[in-house]
Amino acid sequence: MSGRIAWLARRAARILCVLLLGAGPAWAADAPIPRIVTHDGRHALLVDGKPFLILGAQVNNSSAWPAMLADVWPAIEQMHANTVEVPMAWGQVEPQEGHFDFSFLDTLLHQARAHHVRLVLLWFGTWKNTSPNYAPSWVKLDNRRFPRVITRDGRMLNVLSPYAKSTLDADRTAFVAFMTHLRKVDGARHTVIMVQVENESGMYGNDRDYSDAANHLFDGPVPAALLQALGKSPGNWTQVFGKDAAVDFSAWSISHYINQIAQAGKAVYDLPMYANAALRDPLKPGPPGSYPSGGPSDNVIPIWRATAPSLDLVAPDIYFPDYARYMAVLDHYARADNPLFVPETGNAAAYARYVYAVLGHGAIGFSPFGMDFTRYTNYPLGASAKDGAARVAPFAPSYRVLESVDRILAQASFDGRLWGASEPTATHEQTLDLGAWKVRLGYGQPQFGEVPPKGNPSPEGGALIARLAPNEYLVTGRNVRVSFEPGAGHKGIHFLYDHVEEGHYQHGHWVFRREWNGDQTDYGLNFTDQPTVLRVRLGTY
Ligand code: DGJ
């Protein structure tokens, strides 16, 4: 059975199962609640008690309505995503104060279960790309009760101030109502595995709020808990943080606010929660305000982690297509105290290969933005194609393979036996150090012969390698040559590919298709644009 036919058969069996049983997926009823665990500086998102990899797809902002879901599911299916990220807008669920409407959430849950995908819900509340545009009208039009940020020169920004208790109370009340409903309708199923609290908080064009309330706090002492976490001596914000005082003050203020919302939500339903960041340029950062000052940008991660313990992580939205910037962002956010998750990235073809490097950095998940068939495209951030299928196409082949081995990879990542890389542009070769072995990745080589790599016509290569046993590896990749070699501890030995099998996993069991040998292994393991999984056993003589 060819890979494609086998895959179709698996898919058909799953659909048949739903039709016959008329029920939800196998992961139903009373499984343990999702949570994030950390061991030896590595992290895992446990779903149904086991490490899970989010192979995500985020829908467009205005696709979170029942009538739009028909344009969502075909994209998700074609992409082979296992998780969909969908907004949950404050204005939509509480159009009138105290009157809640969770009918969209109910519809979404029902349809997500039928499509066998998990959900990450995005709370668009006080902040959505810094503005309150997703807050209800009774909030965003009442500036007296819900004051906005004031700039240094006295202008009002379309950003709610994080110092107004009335705003915090109103947002928190709505968020708690949402989490309470979610626990009621999904608490035994865990279709929803994580919640994003707010969206890209901070403020553009300004470094901090200059309202009286803000000035008063800014001139006062830096909170002792923050000083202790950062190992700093007491003083006011300027004394402690110098030239960074304004952005650090904003980061503390916003993270403190969001933490209180997350904490209250977790008190009713303890799902993993995170906040996402609109990034500053990681290589040539501009001043605060050129990026959202106070949001969880790379310069203030320690402040966010110290001030918002109810958040499991802060996450980068990566819209830098170039390799150097992308890797710099991953290095900033993959930390022992911060599980890496990429909740948004561009949906142009150049981004598709980054799933390999993101997972190679130990991430719990990856998700391109704007994956539906509503014909909206956020070009030039993402792809120019309005045709949704064209946007999905570059991501689908990798997702199709990764979906079939997601649990294996997630466990390997948590154990520290997963490596991955994406095609760079300045060079066309990379080396991964696996300890006993090392791996050379070459991009843009013919499949036959020792010809120097010259890069793929457009950068689209990548590879992932998981160690299954001391000399045995699961290898997958796309448009890349993967060549094993003895590592540092193995120098001077003779080695060969003892056994290379191509196949696929079905319900966690390996299904053999063929053996690779001869031309197929004499010049490394050459992955094309066909989704391929190999199990490789190395030997010495
Ligand atoms: C990042 C935001 O978080 C998304 O909601 C969206 O607005 C994109 N930017 C741009 O398409």
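Both counts, for ligands and for their atoms, begin at 1 and track the order of listing. Worth saying up front: this structure is predicted, and the values here are computed from it rather than measured.
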Nearest-neighbour protein heavy atom for atom 6 (C) of ligand 1, which is reported as residue plus atom name and distance: Phe369 CZ, 3.6 Å
Residue and atom name of the nearest protein heavy atom (relative to atom 7 (O) of ligand 1), distance in Å to one decimal: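 Ranking protein heavy atoms by distance from atom 7 (O) of ligand 1, first comes Asn129 ND2, 2.9 Å.
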Need the ligand 1 atom indices (1-based, order shown) with element for anything under 4.0 Å from a heavy-atom of [X].
X      : answer
Asn199 : 2 (C), 3 (O), 5 (O)
Asn378 : 10 (C), 11 (O)
Glu344 : 1 (C), 2 (C), 3 (O), 4 (C), 8 (C), 9 (N)
Asp317 : 3 (O)
Asn61  : 4 (C), 5 (O), 6 (C), 7 (O)
Glu200 : 1 (C), 2 (C), 3 (O)
Leu381 : 10 (C)

Does the side chain of Pro292 reach to within under 4.5 Å of the side chain of Ser250, using non-hydrogen atoms?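 No. Closest side-chain heavy atoms not under 4.5 Å.
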Please examine the side chains of Val355 and Tyr399, heavy atoms only from C-beta on, and report whether any two atoms are closer than 4.5 Å. yes
Pair Asp169 + Arg172: basic N to acidic O under 4.0 Å: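 Salt bridge present between Asp169 and Arg172.
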Does Asp298 come within less than 4.0 Å of Arg335, counting only side-chain N to carboxylate O?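 A salt bridge is absent here (no side-chain N lies under 4.0 Å from a carboxylate O).
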Any donor-acceptor pair under 3.5 Å linking the side chain of Tyr351 with the backbone of Tyr319?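 Yes, because the side chain of Tyr351 sits within donor-acceptor range (under 3.5 Å) of the backbone of Tyr319.
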Are Tyr257 and Trp127, when compared by the centres of their aromatic rings, separated by less than 6.0 Å?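 Ring centroids of Tyr257 and Trp127 are less than 6.0 Å from each other.
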